[in-house]
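The block underneath contains the structure these notes are about, expressed in structure tokens.
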Amino acid sequence: MTPPASNESPQGQADRHFPDKAPGTPDLADMRPDDWVARWLPPSWGPYARLCRLDRPVGTWLTLLPCLAALVQAADGWPTLFRLFIFSLGALLMRGIGCCFNDIFDRDIDQKVERTRFRPLTSGQLSLKNALWFVLAQLAVCALLLLALNPYSRWLAVALLPIVIVYPLCKRFTYWPQVVLGIGFNWGMLMAWSDTQNTVPAAAIAMWLGAVLWQVGYDSIYAYVDVRDDVKLGLHSTALRFADKGKIWISGFYIATIALWLYAGAAMELDWPYFVVIAAIAAHFFWQMCVFSLARPDRNFMLFRANMAVGVLLLVAALAGTVLRQWMPI
């Protein structure tokens, strides 16, 4: 990304471009001119890498880790390396495609939002035509991946595409875009079961629903970062719906997540270490709610990223409930 044409600090830029924010508060822009993309990639590649968020891999991990947990549960142990490769590449591509569609639809909005004002399309680093060609290229690779899946999973993959496309539009007419995002982000969990067992049992759907509610919770925390800009632009989010009751609402979603994951573990007859790790996830959720503050958007950035730990723990729980029994008597 080309840095701003001045020696002004990011903090000074934020105060100048957004004069109604309190002076001296942190700059919340989600793209920086000095990251690994700027250092290591050719300049012509940088805008494409940023468009599909290669520079911000947290979202990819939050897509992939629940999917990996579902693969482990569906296989009742270690999934095949080939399936791990296909689903990992699929998660990377679908997250990137979703980000591309998001920036294409929001290119006239992002320049007015503090967090997104430096993104490639809205800042003019990339043309709309080239962005559309890039999306088509990613979709072509995804189409090739379909050949590695069974027919059931192929239809599920096709059903995911309209969800990915419609999500960026949801903020224009509903306060619940995070629900649509959660459905799409975690769709791979259903496909993991359909491709491994050619069926999606009730327990697998419960795990998926738990992941959807988990995402509504943590993405609502993230949405509080943009509340000020969303109000000015007439956009919607769960953060605006929850208002000052955000901690109560998000706590409710987290409690429902734990309840669904406990039910699913019992229905799958997973071993007791699974439930120990789920208890650790519950403790992590409790910590998040203790730290969460409506008045600290920078802290909410940190909490959003902290959910990677939840994804790792979910994968560990799946392994503990399945693989561990093969190594020792439980």
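- Side-chain contact between L65 and L314 is absent, with no heavy atoms from C-beta onward closer than 4.5 Å.
- In this structure, R119 and R50 have side chains that are not in contact, with every pair of non-hydrogen atoms separated by 4.5 Å or more.
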Could you walk me through whether D106 and R172 pass the salt bridge (charged side-chain N to carboxylate O under 4.0 Å, His left out) check? CA-CA 10 Å; D106 288 354; R172 291 160 171 82; 3.0 Å; yes
Under the ring-ring contact (aromatic ring centres under 6.0 Å, His included) rule, what do Y222 and F301 come out as? Steps first, then yes or no, please. CA-CA 6 Å; Y222 195 40; F301 255 142; 5.6 Å; yes
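- In this structure, the side chain of Q125 engages the main chain of F118 through a donor-acceptor pair within 3.5 Å.
- Side-chain contact check for L319 versus W78: some heavy-atom pair is nearer than 4.5 Å.
- Salt-bridge check for D226 with K171: failed, with every basic side-chain N at 4.0 Å or more from each acidic carboxylate O.
- At a threshold of 4.5 Å between side-chain heavy atoms, the hydrophobic network of Ile, Leu, Val, Met, Phe, Trp and Tyr places L89 and L62 in one connected group.
- Distance alone, capped at 3.5 Å, is enough to place a donor-acceptor pair between the T257 side chain and the G210 backbone.
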Show the numbers, then the answer: is there a side-chain contact (heavy atoms from CB on, under 4.5 Å) between I183 and W208? CA-CA 8 Å; I183 290 171; W208 172 71; 3.8 Å; yes
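- Counting heavy atoms from C-beta on, the side chains of L270 and Q73 come closer than 4.5 Å.
- Side-chain contact between M191 and F87 is present, with heavy atoms from C-beta onward closer than 4.5 Å.
- Rounded to the nearest 0.5 angstrom, T122 OG1 and Q111 CD are separated by 4.0 Å.
- Taking the six-membered ring for Trp and the full ring otherwise, W176 and F242 have centroids separated by under 6.0 Å.
- The CG atom of N102 sits 9.5 Å away from atom CG of L51, with the distance rounded to the nearest 0.5 Å.
- A distance-only check finds a donor-acceptor pair linking the side chain of N150 to the backbone of S194 [under 3.5 Å].
- Using the six-membered ring where Trp is involved, F285 and Y254 have ring planes that are parallel, under 30° apart on the 30 and 60° scheme.
- At a threshold of 4.5 Å between non-hydrogen side-chain atoms, the residues L262 and F275 count as touching.
- T80 places a side-chain N or O within donor-acceptor distance of the main-chain N or O of R83, the cut-off being under 3.5 Å.
- Taking CD1 of I86 as the start and CG of L71 as the end, the distance is 11.5 Å to the nearest 0.5 Å.
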The test is side-chain contact (heavy atoms from CB on, under 4.5 Å); show your working for S220 and W249 and say whether it passes. CA-CA 9 Å; S220 295; W249 276 92; over 6 Å; no
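- Two residues are said to be in side-chain contact when any heavy atoms from C-beta on lie closer than 4.5 Å; P177 and L169 fail this criterion.
- Looking only at side-chain heavy atoms (C-beta outward), L149 and L146 come within less than 4.5 Å of each other.
- Looking at R154, its side chain never comes within 3.5 Å of a backbone N or O of A148 through a donor-acceptor pair.
- With R241 contributing its side chain and Y175 its backbone, the two residues share no donor-acceptor pair below 3.5 Å.
- Clustering ILVMFWY residues whenever any of their side-chain heavy atoms sit less than 4.5 angstrom apart, transitively, puts I104 in the very cluster that holds V164.
- Using modelled atom types, one side-chain atom of Y224 and one backbone atom of A243 make a donor-acceptor pair closer than 3.5 Å.
- The distance from atom CZ of F292 to atom NZ of K247, rounded to the nearest 0.5 Å, is 7.5 Å.
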Where do I278 and L313 land on the side-chain contact (heavy atoms from CB on, under 4.5 Å) test, with the steps shown first? CA-CA 8 Å; I278 294 298; L313 286 172; over 6 Å; no
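- Atoms CZ and CG, from F101 and L139 in turn, are 5.5 Å apart once rounded to the nearest 0.5 Å.
- By the 30° and 60° cut-offs, the orientation of the rings of W261 relative to W214 is perpendicular.
- Taking both residues in full, the closest heavy atoms of V72 and T322 are given as CG1-OG1, 3.3 Å, listed atom of the first, atom of the second, then distance.
- C67 and A192 make their closest contact through O-CB, 4.1 Å (heavy atoms, listed as atom of the first residue, atom of the second, distance).
- I248 and I250 end up in different hydrophobic clusters when Ile, Leu, Val, Met, Phe, Trp and Tyr side chains are linked at under 4.5 Å.
- Both L132 and Y48 are part of a single hydrophobic cluster, where members link through side-chain heavy atoms under 4.5 Å apart.
- Remark: W287 CH2 is packed, more than 12 non-hydrogen atoms of other residues, nucleotides or ligands lying under 6.0 Å away.
- Checking side-chain atoms of N300 against main-chain N and O of S293 turns up a donor-acceptor pair under 3.5 Å.
- A donor-acceptor pair is defined here as one N or O able to donate and one able to accept, closer than 3.5 Å; such a pair exists between the side chain of N186 and the backbone of G182.
- Rounding to the nearest 0.5 angstrom, the gap separating the OH atom in Y152 from the CG atom in N198 is 8.0 Å.
- With respect to the salt-bridge test (charged N to carboxylate O, under 4.0 angstrom), the residues R53 and D103 qualify.
- Among all heavy-atom pairs drawn from S237 and D230, the shortest one is OG-OD2, 4.1 Å.
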With side-chain contact (heavy atoms from CB on, under 4.5 Å) as the test, would you mind laying out the steps for R299 and I221 before giving the verdict? CA-CA 10 Å; R299 181 182 293 177; I221 293 175; over 6 Å; no
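- Defined by atom type and a distance below 3.5 Å, a donor-acceptor pair is present between the side-chain atoms of Q178 and T238.
- Scanning both residues, P47 and P120, for their nearest heavy atoms gives O-CG, 3.4 Å.
- Using a 4.5 Å cut-off between side-chain heavy atoms of Ile, Leu, Val, Met, Phe, Trp and Tyr, with links allowed through other members, I255 and V310 fall into different hydrophobic clusters.
- Heavy atoms only, all atoms of each residue included: C142 and M94 are closest at SG-SD, 3.7 Å.
- For the residue pair N307/Q288, the side-chain donor-acceptor check at 3.5 Å is satisfied.
- In the displayed structure, L144 atom CG is contacted under 6.0 Å by more than 12 heavy atoms of other residues, nucleotides or ligands.
- Closest heavy-atom contact between F304 and V58: CE2-CG1, 4.0 Å.
- Between the side chains of T199 and Q197, not a single donor N or O lies within less than 3.5 Å of an accepting N or O.
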